2 protein chains.
Amino acid sequence: MSRVLNHSPHVREATRQRVTEVIRRLQYRPSRLAARLSRGSPGTVMLLVPFLTRPSVVARLAGALSVLDEQGFDAILGNVEAPDQLERHLHALTARHGAEGAVIISLQLGERHLAELRSAGVPLVMVDAQAPGVPCTVVDDIRGGTLAAEHLLDLGHRRIAFVGDEPNPDLGFRSTRRRLLGYRRALAARGICQNPALIRLGAHSSTAAAALTRQLLRLPDPPTAIFAASDTQALGVLAGAEQAGLRVPDDLSVIGYDDIESAAQLGLSTVRQPLRASGASGAHRLCAVIRGERVRPMRQELPLGVVARSTTRALTDPVRSLTDPVRAGPARTAPPGD
Amino acid sequence: MSRVLNHSPHVREATRQRVTEVIRRLQYRPSRLAARLSRGSPGTVMLLVPFLTRPSVVARLAGALSVLDEQGFDAILGNVEAPDQLERHLHALTARHGAEGAVIISLQLGERHLAELRSAGVPLVMVDAQAPGVPCTVVDDIRGGTLAAEHLLDLGHRRIAFVGDEPNPDLGFRSTRRRLLGYRRALAARGICQNPALIRLGAHSSTAAAALTRQLLRLPDPPTAIFAASDTQALGVLAGAEQAGLRVPDDLSVIGYDDIESAAQLGLSTVRQPLRASGASGAHRLCAVIRGERVRPMRQELPLGVVARSTTRALTDPVRSLTDPVRAGPARTAPPGD
DNA sequence: GCTTCGCATGGAACCGCTTCAATAACGGTG
DNA sequence: CACCGTTATTGAAGCGGTTCCATGCGAAGC
């Protein structure tokens, strides 16, 4: 009878009919659990994400979910906002038959965790994070930072501030640090002396970013452009600028990072990274690992690009830095919509 | 040995030690699957959501997830963006031992689906949706619509437009329709004649909303305020207004619905509903149902309230509607930040 | 010192499916 | 019509726990 359920070819049509009929009459519902146990594969993978509510995380998650779905895996979701949650979920992973593998998203695991997972032999794949020996899908955040800074530099800006979030001590996000590094390199490459006062770190929230922005704008020599470490923070920067009475992009250029949905909606200039695709790719790669295949580039790097929308514009008031009458810059890309 | 794992009291300390030691030496990892099978409870529930990327959905999801987590349930996530996905996930649910129950979020199930689930005896709970005989957690969207409209009316607006999304034929969202109904009632209650041209429906996206807004603003007699059926759409309205060269709230008041995170960030006035709490409550109630308890109010209604931020303000140009000298309204609540 | 009671432990049965080996039915052929 | 090679079906043995029952052992009571 198991044969008819699993569409085995070695069953006569007559019997199939008969069995199906009985199944229907008995209201028989097979137990997935039992099937999975005896088959030895739980058909389940874990998706581990930090701060589920962040749009960039959700986009990645959605990407991963869609391919797992179509590959027939159940996706159990683990959200970690505190170290103990990480601990718990990771522990659940190491239990045999808990999940067949895991996609770890935007979570930098510590040595201890990695060792545990390795010794438990859990198929693993990382997205927006890396670890030795684990297939990962990333972007070059340093380059991303450079791209953002260069975009602003190309528009004539010189006093370019950076607003980011402090590295989380427990769940070590390091992308902000790398983006900052890229920004620094770009400035250095153009021979611009870096003013430490223009670099502000706070909590990863747009209200924190707004506060930092107000601080920046109160500086005796305020920035003409701000690079925010994420779009979420860039939205805060926008709010901060408005609160300070500045107009974007007229008085201040702002560029974010990620290209989340609302960035497009609000016309935020940003550094785009393929969020959804990163999740999808991670999931695909995990499936490969589970099947025992060898994933090709251990470290897969996705492309990055500046999307100039309407929050960045060429520096219009050279008085601030040099001379010249007011002349509206060319920037201001087409707004979204239509 | 099962006893020591399950912390049974009937085991001597010495034996416990010995067993634990052996377990450690053998690198023994218990199989969750086997445990669950023999125990007869999968310890897993399904979270079914539509359009995972919508912020309101994510907030609810996060709420549900957090309580399931602390209750020791694995949450398998099902995202449905198309009817066939719904079908698949629902079907998986009816399989025995697939999941112990499900929290259905913002998804209006059809009669057929409900019947199937009922006959399969799957413990069910709905959030932001309802069905006869199923415990649900909702808000009164009609009243929400009324609240939004009244807020604008109280500010002196009379030409109030509505921007919303068309009901999805497959996954029947009906909240927009109800919010619209509430809006209509409020207007009717004040004896305001309703102009059908001021009601625009499109896709649920902020770009669509932006387009609708531009149409509205090109009207010979454009609205002075717009009520958007969701914050996402309100953001689009904001963008549309900006594209049309209008300033918010000076030239146009905008109110949204949901109070998603970015609403607070951007100072969007909105009708707040407890998103995260709704998910959490749904999860709690599901746990109760699973435990065989009777959930108290079958239909649990969560509170709603207007949050006036900086996108709504009293009508300043009375010429447009009636009389009165210009007097800046009280509105314009403190901006976010700090 | 021997029985009685109770708690700790070892063992069997079972959860519900898959799988594989063994048996039965089948169709074709000499 | 008997025989043989296939193919279909049935049955038993796991998968890896949990649970329940029976046995063993130690402490308490007589």
Side-chain angles (χ1 to χ4, degrees), chain A residues 1-46 71-74 76 91-101 119-123 290-292, chain B residues 1-46 71-74 76 91-101 119-123 290-292:
Chain A
M1 107 181 89
S2 159
R3 264 172 290 260
V4 20
L5 283 183
N6 296 311
H7 309 296
S8 159
H10 293 287
V11 53
R12 214 180 336 174
E13 185 52 29
T15 345
R16 165 157 316 182
Q17 296 279 339
R18 201 155 43 87
V19 172
T20 324
E21 163 60 16
V22 173
I23 283 181
R24 204 184 49 64
R25 253 212 357 262
L26 268 336
Q27 284 272 314
Y28 170 80
R29 309 192 184 278
S31 156
R32 313 191 106 201
L33 232 50
R36 286 168 168 183
L37 171 59
S38 83
R39 192 174 318 177
S41 64
T44 292
V45 312
M46 167 146 227
Q71 298 280 324
F73 281 102
D74 276 0
I76 103 150
H91 202 79
L93 254 182
T94 57
R96 211 164 25 117
H97 290 185
E100 228 159 319
S119 88
V122 190
I290 288 176
R291 283 192 301 264
Chain B
M1 107 181 88
S2 159
R3 266 173 286 257
V4 19
L5 283 182
N6 295 310
H7 310 296
S8 159
H10 293 287
V11 54
R12 214 180 334 175
E13 185 51 31
T15 346
R16 165 156 315 177
Q17 295 279 339
R18 200 156 43 85
V19 173
T20 326
E21 162 61 17
V22 173
I23 283 179
R24 204 185 49 66
R25 252 209 1 259
L26 268 327
Q27 286 270 315
Y28 169 79
R29 310 192 183 278
S31 156
R32 311 192 109 199
L33 233 51
R36 288 168 166 181
L37 170 59
S38 80
R39 193 173 316 174
S41 65
T44 292
V45 312
M46 169 145 226
Q71 299 279 325
F73 281 103
D74 277 359
I76 104 150
H91 202 78
L93 255 182
T94 56
R96 208 164 30 117
H97 291 183
E100 227 157 320
S119 89
V122 190
I290 288 177
R291 282 193 301 265

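All values reported here derive from a predicted model rather than from experimental measurement. Within every chain, numbering begins at 1; the chains are lettered A, B, ... in the order of the sequence lines, protein sequences first and strands thereafter. All values below were derived from every heavy atom in this structure, side-chain atoms included, with hydrogens, water molecules and symmetry-related copies excluded.
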Rounding to a whole Å, what distance do you find between [X]:[atom1] and [N]:[atom2]?
| X | N | atom1 | atom2 | answer |
| --- | --- | --- | --- | --- |
| L26(A) | dG16(C) | CG | C1' | 15 Å |
| L5(A) | dC17(C) | CG | P | 8 Å |
| I23(A) | dG16(C) | CD1 | C1' | 14 Å |
| L33(B) | dG16(C) | CG | C1' | 12 Å |
| R12(A) | dA24(C) | CZ | P | 15 Å |
| R32(A) | dC17(C) | CZ | P | 13 Å |

Notebook entry, point to check: Could R24(B) and E21(B) be called an ion pair, given the rule that one side-chain N must be under 4.0 Å from one carboxylate O?
Noted result: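 Yes, R24(B) and E21(B) are salt-bridged.
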
Notebook entry, point to check: Heavy atom of residues 37-45 of chain A under 4.0 Å from DNA chain D: which residues?
Noted result: L37(A), S38(A)

For residues [X] and [Y], determine if any side-chain heavy atom of one lies less than 4.5 Å from a side-chain heavy atom of the other.
| X | Y | answer |
| --- | --- | --- |
| V19(A) | V11(A) | no |
| Q71(A) | I290(A) | no |
| R32(B) | T44(A) | no |

Next item on the list: Quick one: label R29(B) by what it contacts on the DNA or RNA (base, sugar-phosphate, nothing), any heavy atom closer than 4.0 Å.
Entry: sugar-phosphate

Item checked: Value rounded to 0.5 Å, distance of OG1 in T94(B) from CZ in R96(B) -> 11.5 Å

Margin query: To the closest 0.5 Å, what do you measure between CD (E100(B)) and CZ (R36(B))?
Written below: 9.0 Å

Note to self: Tell me the closest heavy-atom pair linking G101(A) and V122(A), and the distance in Å.
What the structure shows: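 Heavy atoms only, the tightest pair is CA-CG1, 4.0 Å.
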
Item checked: Contact nearer the 5' end of DNA chain D, comparing R16(A) with A34(A) ->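 Closer to the 5' end of DNA chain D: R16(A).
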
Among [options], which nucleotide sits nearest the side chain of [X]?
| X | options | answer |
| --- | --- | --- |
| H10(B) | dT7(D), dA8(C), dC20(D) | dA8(C) |
| P30(B) | dC17(C), dA8(C), dG17(D) | dG17(D) |
| N6(B) | dC17(C), dG16(D), dT18(D) | dT18(D) |

Notebook entry, point to check: Distance check: side-chain N/O of R96(A) vs OP1/OP2 of dG16(D), anything under 4.0 Å?
Noted result: yes

Notebook entry, point to check: When you match V11(B) and H97(B) each to their closest nucleotide on DNA chain C, which lands nearer the 5' end?
Noted result: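 It is V11(B) whose nearest nucleotide is closer to the 5' end.
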
